Structure formats: structure tokens, C-alpha cells
Amino acid sequence: MIDLKAARRDPGGFRAALARRGAAADFDALLAADASWREHTERAEALRAEQKRASKGRPGPRELEHLKALAARIDKALADQAEAARRRDELLARIPNLPDPTAADGMDEQDAQLVRTWGEPPAFGFTPRDHLELGSPRGWIDVARAARLSGSRFAYRIGDVAMTELALYQFVLRTLAGKGFLPVLPPVLVGERAMFGTGFLPTEESNLYLLEKDELYLTGTSEVALAGLHMDERLEESDLPARYAGYTTNFRREAGAAGKDTRGMFRVHQFDKVEMYVFCLPEQSRDIHEELLAHEEEIARELGLPYRVMNIAVGDLGASAAKKYDIEAWFPAQGRYREITSCSNTTDYQARRLNIRFRREGRLEFVHTLNGTGATARALLAIMENFQDEGGRVAVPEVLTRFGAPAAIGRA
RNA sequence: GGUGGAGUCGCCUAGUGGCCGAGGGCGCACGCCUCGAAAGCGUGUGAGGGGGCAACCCCUCCGUGGGUUCAAAUCCCACCUCCACCGCCA
């Protein structure tokens, strides 16, 4: 949620910032709806004040008549006001966050800016196999049986692959715990409020699994439940920044991704992830965004994955992000870099919608929040593809064997 | 899922239709007193929104949402949460 009061004070500045991500027209509509709401509010409140003044004591028959008429006018004025508020709030809910000035210009994926590259794509003296081929000989990545069970875009991970994937999450969780992140296993079913608060509703509704009977959504990332951890709370300034690392299974409908990444488990409806989430002071969020990126890069390096860092174009950001970095690892079988992690500075956008504040010098201010990926199964896929040999055997990074991964995946 | 009890301004609590559109205590802040402190005394003490250059004025909020009424913390309905017990499942 953008700061509506600030927007009234500086409509030109807000409009220009939002125009970068194509939301100028929506913003104009919001301002008009807001002006109408304020008119209705002033009228309704004036009538209310009159009623309160007039009905202090027990009214006589004549006053009663006047008060009844007044009550009818108030009913009408309140209904008008509520309708105006509904129109305004609907528009407000769809206005995305103001982009950070240093976020890359452009409207789509192609416009992302290369920040840096690390490592060298491995040179193979053979045609590298993709993760599905590598996992298939022993049935350790089984999408066929998963499809029979659940439909497309699901996978069984079995045996060494299962153990390596779990070791990955353990490794990342331990690494982050060592950097001050408090490990959390949060709920994955949440109410509408949390989905709205994190900005996935209303704009991402088509990508969410909804359990209608219970009015609960399955989360597509632990970001939702981690953000919701402090919903409606007032944090102490001294508690900030508060860093959390969640581990959950995540669920995405992948609406609009038909035909994209259909092979294997690169893009599936259900996947696991370790997620970083930070609540901080407004002036800290820029630095902490860089910090999250640094953690993600450190993890990629420890795993030995060649990668590059991209500054995502403003038009390609989710509603709540002001700026986002993606880390893309090299996938030899695809012959290109693909996203394995991502981190966003959501400034006060989610904090406003979730009503998360802190007290400073007697005033309540909204916190800033950030999120970033620790690791998902995509890192596992990158490991398999980058560290394979001609025989289809995968050398597992040593950091993972310390957490229960086998030394190698595949033909022993 | 069932039955009973509870949900008031940070905490405790008063409150059964207009004098509560929220009183008291604790805590907290400031002041007086004191060499200093405690005690005592006094004053203040929430959130959201609108208007005004400003001092300030106004509206909303007694778990949530509806309803009755000229008027609701108070009456009615539904829901949520917590506590206790029962049933079912593990």
C-alpha cells in the first residue's frame, strides 16, 4: 500500500514514480476517487456531529421528530461515504509500490540489468544431461508417477536426491542462523488478510490455491507467513532489524505459465524453500537489501554454482517490491542462466497493509520489510547439471555432505 | 463437532438504553516536595481518519460483522478467539 496522505501532498512525484512501472493512469483514478471520498466524509461527519450535539438528553416530541429526520439523512450520507470508500480502497489496493530510483528501467524480463557475473560455466566434453535425465535411471526424480497422482508439474524426489535436497535446506538454514536469522517453521495455510497484506491479493489471485470450504489460501512462499508473524504489532525500535529464516513447502498454480518450463521439476506447483524475511527501520532497508543479496551470493558460491546477478526492471516487479535482484545460476543443459534466488526490498508497502509499526520518539512509524530466497530445489537442479560427469554421476558439494547428503548422486 | 464461561483505552477493572460518545486502580511521563530518593500530592497518558497557516475543531473505535432505536459498551443475531469439559480422530 502506498502512503495516500503523502500522495496527496506530492501527487506529481508519485505520478512520475508510478509512471515508470506503467501505473500512472491507475494513480490518477485513485486521486479522483479519494477526492470524492473526502467530500462524502465531510458531509457525513457534519451530520453526525449535529446528531451528537442534539441528542444529549431525553428529547421532547418535537425534537424527536427532528432527530428522526436527521437519522434518515445520516443513513444516506453514511451509505454514500461507504460506497466512496469502497471505490477508493479498491483502486488503492491495486497501486503497486513506488519503485526505487536505482531499480532498472523497463517493462519486462528482457530489460533486467546485469550487475555482475561470478564463476565460469563448466566445459563438458560431452552433451550435458538435464536434471530429469540425471535423476531418471534410478527413478529418483519421478514426474510420471507424480502426474498419475496429482497431474502435471509435480515431482517425487527419492533416495539420494531427496537426501541431497534436504541437506541443501539444512545447510542454508544453518548458514542463515549463523548470520542472525531466527529459524521458523510457519503455517502454509493462511487467511485472506495475510495474502492481501503481502500484496499477493488482489493482483496475483489467479496464481493462488484457495481452499474455499475453509477460506484459507496455500502460501506460494513463506514470505506470507513470515510477514504475518508481526501483523498488527508494534515492535520495539531496539528489536529491529529482526531477521527470520523460514522453511516451508510452497504452492503455486502457475497460471499463465502454460507451456513454459514444462520439463522435469524446474517449474512445479509444489516446491520447498528456505526464505529470509527482515523487519527493519526505514533507513536500513537499502543496506539490508544488499546484505540479503550478499547472503544469497555467498550460498551460491559455497555450492560452487556459476551465477550472475540481475537488477530486475521496474515493470517486471511484483506489486510490493520497490527493487529486486535475481541470482541466476548457469544451467548447462539449457545453456543459459536461470533464476535460482531472488530478493526484494518491499519498503513500507507490506507493513502498511499488515499494520506493522514501531515506536520512535513517541511516534508510530511503519517498519520496512524485505524478503529473499535462501534456497529452493532449483539450486539442487543446478548442482546436478553443473557437477555431472560423462557417466551421469553427480558430485555433491562437500558443504552438503556435512548435512546428510551422499557424496554423489547417481550410478555409484 | 457439542455444552458452558469469558473477550472494555499498555495491564487490572467499573459498567444492564441517554448523567459512560467510556469511570477507577496499576504502570508510565512530567511537575511539586527532598541534599538525593522513596512515600505523598498535582497534571497528563491510546489508535485511525477529516478540516485548519496555526492555537485548535470534528468523526470513528468497548473481540469482529450485521440488526433494533431519535440514541447501543449496554438489547437481538451471526461469527472469531481464549478457557473448561464432552464426542470424534491421531
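Every heavy atom of this structure was used, including side-chain atoms; hydrogens, water molecules and symmetry mates were not. In what follows, every chain begins at residue 1, and chains take the letters A, B, ... in the order their sequences are listed. It should be emphasised that the depicted structure is a prediction, and the values quoted were computed from it without experimental measurement.
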For [X] and [N], what is the distance between atoms [atom1] and [atom2] respectively, to the nearest whole Å?
| X | N | atom1 | atom2 | value |
| --- | --- | --- | --- | --- |
| A:Arg234 | B:C9 | CZ | C1' | 10 Å |
| A:Arg359 | B:U45 | CZ | C1' | 11 Å |
| A:Leu47 | B:A71 | CG | P | 13 Å |
| A:Met1 | B:G48 | CE | P | 14 Å |
| A:Leu4 | B:G50 | CG | C1' | 12 Å |
| A:Asn355 | B:G49 | CG | C1' | 14 Å |
| A:Glu192 | B:C80 | CD | P | 16 Å |
| A:Ile74 | B:U60 | CD1 | C1' | 13 Å |

Just wondering, do [Y] and [X] contact through their side chains at under 4.5 Å, heavy atoms?
| X | Y | result |
| --- | --- | --- |
| A:Ile383 | A:Leu400 | yes |
| A:Leu70 | A:Arg73 | yes |
| A:Ile2 | A:Leu30 | yes |

Under 4.0 angstrom between [X] side-chain N/O and [N] OP1 or OP2:
| X | N | answer |
| --- | --- | --- |
| A:Arg8 | B:G50 | yes |
| A:Arg38 | B:G51 | yes |
| A:Arg357 | B:G48 | yes |

(message) Base, sugar-phosphate or nothing for A:Leu70? Non-hydrogen atoms, less than 4.0 Å.
(response) nothing
(request) Map A:Asp75 and A:Ala46 onto RNA chain B by nearest heavy atom, then report which one ends up closer to the 5' terminus. (result) A:Ala46
(message) With nearest nucleotide decided by heavy atoms, which residue, A:Asp34 or A:Lys68, maps closer to the 5′ end of RNA chain B?
(response) A:Asp34
If you only use heavy atoms from C-beta on, which nucleotide in [options] is closest to the side chain of [X]?
| X | options | value |
| --- | --- | --- |
| A:Trp37 | B:C70, B:G50, B:G21 | B:G50 |
| A:Arg48 | B:G50, B:A47, B:G21 | B:G21 |
| A:Ala49 | B:C59, B:C70, B:A47 | B:C59 |
| A:Glu42 | B:C70, B:G50, B:A47 | B:G50 |

Looking at [N], which nucleotide sits across from it as a Watson-Crick or G-U wobble partner, both distances under 3.5 angstrom, or is there none?
| N | answer |
| --- | --- |
| B:U74 | none |
| B:U69 | none |
| B:C89 | none |
| B:G46 | B:C61 |
| B:C35 | none |
| B:A22 | none |
| B:G17 | none |
| B:A84 | B:U3 |

(message) When you measure only distances, ignoring hydrogens and angles, does the side chain of A:Glu45 come within 3.5 Å of the base of B:G49 through a donor and an acceptor?
(response) yes
(message) Looking at A:Glu275 and A:Lys273, is any side-chain nitrogen of the basic one under 4.0 Å from a carboxylate oxygen of the acidic one?
(response) yes
(request) Please determine if A:Glu165 and A:Arg157 form a salt bridge, counting it only when a charged side-chain N lies under 4.0 Å from a carboxylate O. (result) yes
(request) Looking only at non-hydrogen atoms, find the nearest pair between A:Pro11 and A:Arg9 and report the distance. (result) CD-C, 3.4 Å
(message) Please give me the minimum heavy-atom distance between A:Ser344 and A:Lys324, naming the atom from each residue.
(response) OG-CD, 3.3 Å
Between [N] and [M], how far is it from one [atom1] atom to the other, in whole Å?
| N | M | atom1 | answer |
| --- | --- | --- | --- |
| B:C33 | B:A38 | P | 15 Å |
| B:C28 | B:C83 | P | 30 Å |
| B:G52 | B:G44 | P | 30 Å |
| B:U64 | B:C53 | P | 35 Å |
| B:G23 | B:C76 | C1' | 27 Å |
| B:G18 | B:U74 | P | 12 Å |
| B:G66 | B:C80 | C1' | 14 Å |

(request) Classify the ring geometry between A:Tyr307 and A:Trp118 as parallel (under 30°), tilted (30 to 60°) or perpendicular (over 60°). (result) parallel
